[in-house]
A.B. asks: 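This structure is in structure tokens; I'll ask about it shortly.
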Amino acid sequence: EGPVIIVGAGHGGYQVAASLRQAGFSERICLINDEAHLPYQRPPLSKAYIKGSAGPESLTFRPEKFYQDQKIELIAGRAVSIDRAARKVLLASGETLAYGHLVLATGARNRLLDLPNANLPDVKYLRILDESEALRQIMPSKTRAVIIGAGFIGLEFASTARIKGLEVDVLELAPRVMARAVTAEVSEYFQARHREAGIRIHLGVQATSIEAENGKVTGVSLSDGRHLPADLVVVGVGVLPNIELAAEAGLPVAAGIIVDEYLSTADPNISAIGDCALFASPRFGGSLRLESVQNATDHARCLAARLTGDKKPYDGHPWFWSDQGDDKLQIAGLTAGYDRVVLRGDPAKKAFSAFCYHRDRLLGIESINRAGDHMFGRRLQAMDRSITPEQAADESFDLKSALA
Ligand code: FAD
């Protein structure tokens with residue numbers, strides 16, 4: 001009962017507000033937004049947005065009128081502390097907001113590079129719209145980019161920078177790209193494709209320093225002694241969940257704000273969702289913190305349902321995508337922990353899927369330019385079914401028959 005105050009107006013925060021109204025919630029809803037834009041989609045920041053010329057309004061979920069019509073109060077500002085006893089949130093402006101339920105949808109922030117010169121204007125990050133915009137604006141005046149980190153964001157940006165005509169070097173400490181997220185088969189495919197596009201990928205190396213002259217970046221030195229010239233450095237070395245607000249209010253945190261399978265913190269009046277939440281997962285066992293639109297949006301829907309009387313544990317099926325150059329990667333399920341990979345389709349034809357198994361249990365599917373396999377995987381998982389590795393590898397096996 002009482003107002004719902006949501007801290008953070010990203011994918012999760014926006015969706016809780018929208019879903020609450022959809023479910024008929026009639027009390028006050030405030031969405032605290034510390035970015036100077038209407039709530040917007042983040043994935044295009046490293047994809048279509050940075051490649052194209054459309055303005056920020058092309059990214060917004062809904063126009064301003066939606067918030068007025070739905071009586072969702074967008075409050076510009078930053079939440080700085082929580083008074084749990086009084087059930088109030090304090091904003092940086094000095095304003096306080098009383099809550100019946102508080103939703104922490106604070107997301108994550110860039111992990112910063114701890115190197116000299118890392119704060120120069122030619123060193124960029126890519127998390128928020130303002131950063132994507134800044135990068136888009138300086139790119140035409142740049143000729144050589146060094147990208148630190150071969151995760152999704154680093155590689156998505158690398159493809160775009162190359163298409164825009166820049167020389168591109170990508171540094172990665174791990175022995176393969178996207179190592180934490182995809183199978184070796186998929187890493188190798190992307191390494192080959194990016195190299196074909198003229199991107200130089202350096203594996204097993206670290207940046208040890210950024211060189212500059214008169215405040216302008218001139219290059220990056222590597223742990224193997226090499227030196228790469230550069231006039232632009234883009235850092236994509238992961239994120240840190242924004243847990244401080246919760247921690248300072250005495251809520252348990254670890255690698256995220258700790259919540260149970262209902263997404264509730266230790267305080268029944270406070271929940272946490274999306275990138276910032278370390279949630280108990282009966283389906284996967286133990287706790288998970290995921291960084292995806294699916295996770296933030298489905299968390300939001302689950303929480304909105306609970307706050308309007310439909311209490312169920314969160315049991316979403318993870319899925320994800322990444323666009324790199326002409327290739328579309330789609331992941332259904334969580335593939336970590338696999339001990340067997342079966343390919344369906346042909347990497348040489350630029351269309352295949354890696355079916356990942358633990359023993360004989362299908363954990364997930366990584367598809368490249370095989371949207372049908374991806375959708376199949378999502379439907380199969382929603383039905384809690386599996387197919388055998390032999391069936392997966394056999395192109396004559398009709399996937400649809402497994403869904404019947
Ligand atoms: P966010 O969307 O990060 O929103 C959190 C918001 O809270 C931010 O606006 C933040 O500024 C604000 N905030 C934090 N603290 C406070 C405070 N104290 N007061 C007020 N506001 C606060 N996922 C996919 O599934 N597919 C993709 O292709 C994909 N591509 C991506 C590309 C990029 C460049 C990035 C950065 C992410 C991408 N992601 C992708 C991940 C996805 O965007 C995130 O998982 C998702 O945005 C998480 O939603 P969230 O609501 O938890 O956090």
Side-chain angles (χ1 to χ4, degrees), residues 5-18 30-51 59 61 74-82 89-93 95 97 102-111 124-133 135-136 149 151-157 160 178 181 234-236 238-249 256-257 263 271-279 289-300 303 316 318-324 328-332:
I5 308 294
I6 304 162
V7 183
H11 281 265
Y14 158 77
Q15 191 63 51
V16 184
C30 299
L31 190 50
I32 304 173
N33 180 11
D34 73 345
E35 295 189 57
H37 304 278
L38 285 173
Y40 63 89
Q41 300 175 52
R42 223 170 274 297
L45 296 183
S46 50
K47 306 178 181 72
Y49 190 77
I50 204 147
K51 212 179 285 176
L59 299 174
F61 296 117
L74 273 176
I75 296 180
R78 215 179 142 68
V80 291
S81 70
I82 305 166
V89 187
L90 174 66
L91 306 188
S93 63
E95 186 185 352
L97 294 167
L102 179 66
V103 182
L104 302 175
T106 50
R109 61 178 180 274
N110 296 311
R111 202 156 74 76
K124 297 290 186 198
Y125 291 82
L126 200 38
R127 173 82 198 175
I128 60 171
L129 177 47
D130 291 347
E131 290 168 336
S132 180
E133 184 66 49
L135 200 43
R136 184 163 88 164
F152 293 118
I153 290 171
L155 292 179
E156 288 175 2
F157 176 73
T160 302
M178 302 179 283
V234 175
V235 185
V239 296
L240 299 170
N242 291 319
I243 60 175
E244 291 73 13
L245 195 59
E248 282 157 21
I257 302 170
L263 309 172
S271 299
I273 61 168
D275 281 15
C276 70
L278 181 69
F279 62 100
R289 193 181 69 77
L290 299 177
E291 294 163 9
S292 72
V293 167
Q294 172 280 323
N295 182 67
T297 319
D298 286 349
H299 271 180
L303 175 59
W319 58 269
F320 187 80
W321 77 97
S322 174
D323 302 333
Q324 300 177 23
K328 187 169 189 79
L329 168 68
Q330 292 169 294
I331 305 175

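Just so you know, ligand 1 is whichever comes first in the structure, and atom 1 is the first atom listed for that ligand. The residues of the chain are indexed from 1 along the displayed sequence.
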A.B. asks: Just going by heavy-atom distances, which of Gly13, Ala76, Ala79, Ser46 is nearest to atom 34 (C) of ligand 1?
C.D. replies: Ser46
A.B. asks: Nearest to atom 23 (N) of ligand 1 by heavy atom, Tyr14, Phe157, Phe320: which?
C.D. replies: Phe320
A.B. asks: Any idea which protein heavy atom is nearest atom 4 (O) of ligand 1, and the distance to it?
C.D. replies: Gly10 CA, 3.2 Å
A.B. asks: Considering only protein heavy atoms, which is closest to atom 51 (O) of ligand 1, and at what distance to one decimal place?
C.D. replies: Gly12 N, 2.7 Å
A.B. asks: Around atom 47 (O) of ligand 1, find the nearest protein heavy atom and jot down its residue, atom name and distance.
C.D. replies: His11 CD2, 3.2 Å
A.B. asks: Which ligand 1 atoms does Gly77 reach within 4.0 Å, using its non-hydrogen atoms?
C.D. replies: 20 (C)
A.B. asks: For Phe152, which part has a heavy atom under 4.0 Å from ligand 1: side chain, backbone, both, or neither?
C.D. replies: neither
A.B. asks: To the nearest 0.1 Å, how far is atom 16 (C) of ligand 1 from its closest protein heavy atom, and which atom is that?
C.D. replies: Arg78 NH1, 3.6 Å
A.B. asks: Shortest non-hydrogen contact from His299 to Ala277?
C.D. replies: CE1-CB, 4.4 Å
A.B. asks: Rounded to the nearest 0.5 Å, how far does CG of Asp323 lie from CD of Gln330?
C.D. replies: 8.5 Å
A.B. asks: Using a strict 4.0 Å cut-off to heavy atoms of Leu126, name the atoms of ligand 1 that fall inside it.
C.D. replies: 34 (C), 36 (C)
A.B. asks: Looking at Ser132, is its backbone amide N or carbonyl O close enough to the side chain of Tyr49 to form a donor-acceptor pair, meaning the two atoms are under 3.5 Å apart?
C.D. replies: no
A.B. asks: Given the rule in the side-chain contact (heavy atoms from CB on, under 4.5 Å) test, do His37 and Glu133 qualify, once you have shown the distances and angles that lead to the verdict?
C.D. replies: CA-CA 12 Å; His37 304 278; Glu133 184 66 49; over 6 Å; no
A.B. asks: Has Ser132 got any heavy atom lying under 4.0 angstrom from an atom of ligand 1?
C.D. replies: no
A.B. asks: Can you confirm whether the side chains of Ser81 and Glu248 place a donor and an acceptor under 3.5 Å from each other?
C.D. replies: no
A.B. asks: Whether Arg127 and Asp275 form a salt bridge (side-chain N of Lys/Arg under 4.0 Å from carboxylate O of Asp/Glu) is what I want to check.
C.D. replies: yes
A.B. asks: Ignoring angles and geometry beyond distance, decide whether Trp321 reaches within less than 3.5 Å of ligand 1 through its nitrogen or oxygen atoms.
C.D. replies: yes
A.B. asks: On the 0 to 90° scale, with breaks at 30° and 60°, tag the Tyr14-Phe61 ring pair as parallel, tilted or perpendicular.
C.D. replies: parallel
A.B. asks: Check each atom of ligand 1 against the heavy atoms of Ala105 and keep those under 4.0 Å away; list them by number with element.
C.D. replies: 5 (C), 6 (C), 7 (O)
A.B. asks: Could you measure the distance from the CD1 atom of Ile32 to the CG atom of Leu102? Nearest 0.5 Å is fine.
C.D. replies: 7.5 Å
A.B. asks: Under 3.5 Å, is there a donor-acceptor pair linking the side chains of His11 and Asn295?
C.D. replies: no
A.B. asks: Give the residue and atom name of whichever protein heavy atom lies nearest to atom 25 (O) of ligand 1, and the separation in Å to one decimal.
C.D. replies: Val293 N, 3.0 Å
A.B. asks: Flag Trp319 as yes when one of its N or O atoms lies below 3.5 Å from any N or O atom of ligand 1, and as no otherwise.
C.D. replies: no
A.B. asks: Hey, is Val7 touching ligand 1 through its side chain, its backbone, both or neither, going by heavy atoms under 4.0 Å?
C.D. replies: side chain
A.B. asks: Any chance you could measure Glu131, atom CD, to Ser46, atom OG, to the nearest 0.5 Å?
C.D. replies: 11.5 Å
A.B. asks: For atom 7 (O) of ligand 1, what's the nearest protein heavy-atom neighbour? Residue, atom name and distance, please.
C.D. replies: Gly8 CA, 3.1 Å
A.B. asks: Under 4.0 Å from any heavy atom of Glu291, which atoms of ligand 1 are there?
C.D. replies: 45 (O)
A.B. asks: So which bit of Glu35 gets within less than 4.0 Å of ligand 1, heavy atoms only: side chain, backbone, both or neither?
C.D. replies: side chain
A.B. asks: What distance separates Leu129 CG from Arg136 CZ, expressed to the nearest 0.5 Å?
C.D. replies: 8.5 Å
A.B. asks: Heavy atoms only: which of Arg127, Arg42, Lys47 is nearest to atom 27 (C) of ligand 1?
C.D. replies: Lys47
A.B. asks: With respect to atom 10 (C) of ligand 1, which of Asp323, Val239, Asp34, Asp275 exhibits the smallest heavy-atom separation?
C.D. replies: Asp34
A.B. asks: Could you check whether any side-chain N or O of Asn242 sits under 3.5 Å from a backbone N or O of Thr106, counting only pairs where one atom can act as donor and the other as acceptor?
C.D. replies: yes
A.B. asks: At the 4.0 Å heavy-atom cut-off, does Cys276 count as touching ligand 1?
C.D. replies: no
A.B. asks: Check whether any heavy atom of Arg109 sits under 4.0 Å from an atom of ligand 1.
C.D. replies: no
A.B. asks: Kindly determine whether Arg42 and Ile128 satisfy side-chain contact (heavy atoms from CB on, under 4.5 Å), including the steps that lead there.
C.D. replies: CA-CA 7 Å; Arg42 223 170 274 297; Ile128 60 171; 3.7 Å; yes
A.B. asks: Could you tell me the separation between the CG atom of Leu263 and the CG atom of Leu104, rounded to the nearest 0.5 Å?
C.D. replies: 12.0 Å
A.B. asks: Checking side-chain contact (heavy atoms from CB on, under 4.5 Å) for the pair Phe157/Leu135: CA distance, chi angles, key distance, verdict?
C.D. replies: CA-CA 10 Å; Phe157 176 73; Leu135 200 43; 3.6 Å; yes
A.B. asks: Using a 4.0 Å cut-off to any heavy atom of Gly274, which atoms of ligand 1 qualify?
C.D. replies: 52 (O)
A.B. asks: One residue to check: Ile153. Relative to ligand 1, which of side chain, backbone, both or neither has a non-hydrogen atom less than 4.0 Å away?
C.D. replies: side chain
A.B. asks: To which protein heavy atom is atom 31 (C) of ligand 1 closest, and what is the distance rounded to 0.1 Å?
C.D. replies: Pro43 CA, 3.6 Å
A.B. asks: Under a 4.0 Å heavy-atom limit, does Ser292 contact ligand 1 with its side chain, its backbone, both, or neither?
C.D. replies: both
A.B. asks: Please report the interatomic distance CZ(Arg289) to CZ(Phe279), rounded to the nearest 0.5 Å.
C.D. replies: 10.5 Å
A.B. asks: Any idea which atoms of ligand 1 are less than 4.0 Å away from a heavy-atom of Gly107?
C.D. replies: 3 (O), 5 (C), 52 (O), 53 (O)
A.B. asks: Please step through side-chain contact (heavy atoms from CB on, under 4.5 Å) for the pair Glu291 and Phe152, ending with a clear verdict.
C.D. replies: CA-CA 11 Å; Glu291 294 163 9; Phe152 293 118; over 6 Å; no
A.B. asks: In terms of atom number and element, which parts of ligand 1 are under 4.0 angstrom from non-hydrogen atoms of Ala296?
C.D. replies: 48 (C), 49 (O)
A.B. asks: At what distance is the nearest protein heavy atom to atom 14 (C) of ligand 1, and which residue and atom is it?
C.D. replies: Thr106 O, 3.1 Å
